[in-house]
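Worksheet: the structure to be examined is printed underneath.
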Amino acid sequence: MSLCFFSKADSRKFVYFLISFKILLNTTKIVYYYNIFFTTPAKTKKLARFLLYIISEKRKGEYGVPWGKLYTTKNMSEKNSNSKPIRWSVFIPCFLIVGGAAILGIVNNAWLTEVTKAIFTWSLGNFGWLYQVIAVVTLILVSLLCFSKIGTIKLGGPEAKAKYSFGSWFAMTLTGGIATGLITYGVNEVLIYFGNVYGELDGYGVQAYSNEAAYFAMGRSFYNWTVIPYAMYALSGVIIAYMYFNRKQELSVSASLTPLFGEKVTKGFWKALVDVLSVLAIALGLAASLGAGLALIGTGLSAAYGIAQGPVVWFILTAIITVTFTAASVAGIDKGIKWLAGMTSKIFYVLLILLFIIGPTVYILNMANVGLGYWLDRFWMWGFDPYTVGGEALVTWWTMYDWAIWIAYAPLMGIFFAIIAYGRTIRQFLIINWILPASFGFVWFSVWGSTALDWQISGKADIIAAINEGGAVSGIWEFLKHVPLGAILIPVIIITLIAAFSTTADTMSTTIAALCTEGARHDEEPALWQKVVWGVSIGLIACIMVAFGGGSQGVDGVKYLAACGGFVVLAIFILQVIASIKVFFFDPQTKKDIEECAEYTDKNIQAGTAKTGEA
């Protein structure tokens, strides 16, 4: 840079000027403000040469500054984020409530479990119909956004460039959104339905262990784990991303409601309330996932290696998991989350392909077809039944609980999905965050669930007996004992469970920290101490609930607590649905965005055609 300007002092002054305006790569504004502060035309010409130079050096992470600390975009983002003030109106209430739940878990876990269960059953008993209606509406809305002209809108404007490849992007969204769910229930849920373990088949009069029970088990699993739940994530994500990148609102849940309430919802009490409820829901939801993960890994250690479950084992597992996801969160999206997600997704792919090859391949393909047909044939009945037809054992304790947890995750999961989606179109966003994860869930349950059914029916493994004896999450370990190379796969599965939960937890601890920071941006990392605080807090509440609740009771307690959080966030999610309808279908500015993206695409096509003709 000193080569471009007359003196080193002049160069240093210019760098400080650029940093103060935070517009290092915005050429137009730099030249404008530079002409205000530095009026010599010759220096402006040298500025233009310098800008070309720093753009060419961007990938190297340097800007030609030969003295002191190099000011890269990453350096600046980290500095700005760590120096930004904390939103104490969000941080303090959330921290106190999460900490209070942990203390209650120690002092009177049974009472906390009883109270949260009562709230959980009351909310789903009285509002199950609302959960079902909003789930179907969300699915229809996401479909319209994806396959209409609205899908052509680019997040960040027509010229925005994506940061992550499709592979890395999908790995982060897939592993960030499923936690331990697919591994936990890919076998267990299918076999619980098939054996009518808790009365799931009673409402429809299906005989346990029959052929129809197998079809029902596959179809219901597809219903619970594919297009509807991922549509919830995707809708929250797309409205937050669009309002942030294209409408220049702040990066928060409350900002996604501005189409309904205007700027007042992003200020004062209402802003704090919306964001506090969203943070609490995801924090408690993560604690529930970690609690279930502890129970699952504990049963695996017991079944495979005879290690008895107890507080010591749970605390050790919690420490390992918490350190893993906190370290990944502290490392940031590019260094930590992206790497962990890539590794976890590759393990998922290998496990899926391996079982498809060594399992009953033809039976897997047949049951995938039959299960899909069974579900689609009953789509509207299952979609609107609040428990009246299917019964509470099936609808309330499985589907409605699932919807509550997915909704609890949705607002903050949406923020994370928005952060990594810059430069992508709405259609690409929905393909990556809705269609592909739902397709992956379909394939996973087809392969793992069908294989488990085949082995149960043929007598190769009695998975249902293991569930009856050890609980709802025990079937997976009995299943793995009979898989070729099971001795190798069991520790791999345990490691995958830790990695899968850690990927979800580190994305969410980063997002929670961002939401507790004033003026958070998608290209900045929140303060490190916040990530550590939230990571440790989530780990502690899960471990305390499990350890002091005596294992399964503790897991139930934290699950009920998380489901209560989902009920609280239900109102916010409904408002996001309404806001999406208004902004995407009735706002004139959205139509302008569609036209602007179409014009930009046409220009690129014409330019490409012209170049081809010249060649």
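For reference, positions follow the sequence shown, starting with 1. Treat the numbers as computed from the prediction; the structure is a model and nothing was measured.
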Exercise for review: Could you give me the CA-CA distance, side-chain angles and deciding distance for Leu489 and Leu354, then say whether side chain to side chain contact (heavy atoms under 4.5 Å, CB included) is met?
Suggested key: CA-CA 10 Å; Leu489 283 180; Leu354 180 64; 3.9 Å; yes
Pairing residues for [X] by the side-chain contact (heavy atoms from CB on, under 4.5 Å) criterion, not counting sequence neighbours:
X	result
Thr344	Thr175, Leu340, Phe348, Ala499, Ala500, Thr503
Ile578	Leu260, Ile574
Tyr387	Glu392, Val395, Thr396

Do the side chain of [X] and the main chain of [Y] share a donor and acceptor less than 3.5 angstrom apart?
X	Y	value
Asn433	Phe429	yes
Ser256	Val253	yes
Asp454	Pro360	no
Ser345	Gly342	yes
Ser450	Val447	no
Lys582	Pro259	yes
Asp593	Pro158	no
Ser168	Tyr164	no
Asn188	Thr184	yes
Ser278	Pro411	no

Partners passing ring-ring contact (aromatic ring centres under 6.0 Å, His included) against [X] (at least two apart in sequence or in another chain):
X	result
Trp434	none
Phe442	Phe222
Phe585	none
Phe573	none

Practice item. Name all residues meeting the side-chain hydrogen bond (donor to acceptor under 3.5 Å, both in side chains) criterion together with Arg87; count only those two or more places apart in sequence or in a different chain, and write none if there are none. Key: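 Asp275.
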Check your understanding: Can you name the side-chain hydrogen bond (donor to acceptor under 3.5 Å, both in side chains) partners of Glu159, sequence neighbours left out?
Key ->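 Partners of Glu159 under the side-chain hydrogen bond (donor to acceptor under 3.5 Å, both in side chains) test: none.
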[Y] side chain reached by [X] side chain, heavy atoms, under 4.5 Å:
X	Y	answer
Ile572	Leu277	yes
Val492	Val350	no
Gln576	Ile240	yes
Met400	Phe127	no
Gln249	Thr266	yes
Trp380	Val136	yes
Leu235	Ser580	yes
Leu352	Phe440	yes

Aromatic rings [X] and [Y]: how do their planes relate, parallel, tilted or perpendicular, breaks at 30° and 60°?
X	Y	answer
Tyr230	Trp406	perpendicular
Tyr349	Phe170	parallel
Trp444	Trp448	parallel
Phe245	Tyr422	tilted
Trp382	Phe216	perpendicular

How far does [atom1] of [X] sit from [atom2] of [Y], to the nearest 0.5 angstrom?
X	Y	atom1	atom2	value
Ser221	Leu191	OG	CG	9.5 Å
Phe479	Ile493	CZ	CD1	9.0 Å
Tyr185	Ile183	OH	CD1	13.0 Å
Ile426	Cys597	CD1	SG	8.5 Å
Tyr242	Ile153	OH	CD1	4.5 Å
Leu575	Ser254	CG	OG	12.0 Å

To check you understand the geometry: which heavy-atom pair defines the closest contact between [X] and [Y], and what is its length?
X	Y	value
Ala341	Ala171	CB-O, 3.7 Å
Ala234	Leu430	CB-CD2, 3.7 Å
Ser165	Arg424	C-NH2, 3.8 Å
Met232	Ala135	CE-CB, 3.7 Å
Asn246	Leu155	OD1-CA, 3.4 Å
Ser148	Arg427	O-NH2, 2.7 Å

Practice item. Go through the steps for Met218 and Leu453 under the test side chain to side chain contact (heavy atoms under 4.5 Å, CB included), then give the verdict. Key: CA-CA 9 Å; Met218 294 301 298; Leu453 279 173; 3.8 Å; yes
Check your understanding: Is the charged tip of Arg220 near the ring of Tyr215: under 6.0 Å from the six-membered ring centre and within 45° of its axis?
Key ->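 Geometry flag: not set, cation outside 6.0 Å or 45°.
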Point to revise | Tyr193-Asn224 side chain donor-acceptor pair, cut-off 3.5 Å | key: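 Present: a donor and an acceptor within the cut-off.
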Review point. Any side-chain donor-acceptor pair under 3.5 Å between Trp397 and Glu200?
Key: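 Note: Trp397 and Glu200 side chains miss the donor-acceptor criterion.
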Exercise for review: Kindly state each residue pair satisfying side-chain hydrogen bond (donor to acceptor under 3.5 Å, both in side chains) with at least one member in residues 130-139, sequence neighbours excluded.
Suggested key: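 Only Gln132-Tyr223, Gln132-Trp403 qualify under side-chain hydrogen bond (donor to acceptor under 3.5 Å, both in side chains).
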Practice item. Quick one: which residue pairs count as a salt bridge (Lys or Arg N to Asp or Glu O under 4.0 Å) with a foot in residues 239-259, not counting sequence neighbours? Key: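 Salt bridge (Lys or Arg N to Asp or Glu O under 4.0 Å) check on residues 239-259 returns Arg247-Asp587, Glu250-Lys271.
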Got a list of side-chain donor-acceptor pairs under 3.5 Å for residues 362-369, not counting sequence neighbours?
residue: Asn366; atom: ND2; partner: Val362; partner atom: O; Å: 3.4

Point to revise | Leu436 vs Thr173, side chain to side chain contact (heavy atoms under 4.5 Å, CB included): CA-CA, chis, key distance, verdict | key: CA-CA 10 Å; Leu436 290 184; Thr173 58; over 6 Å; no
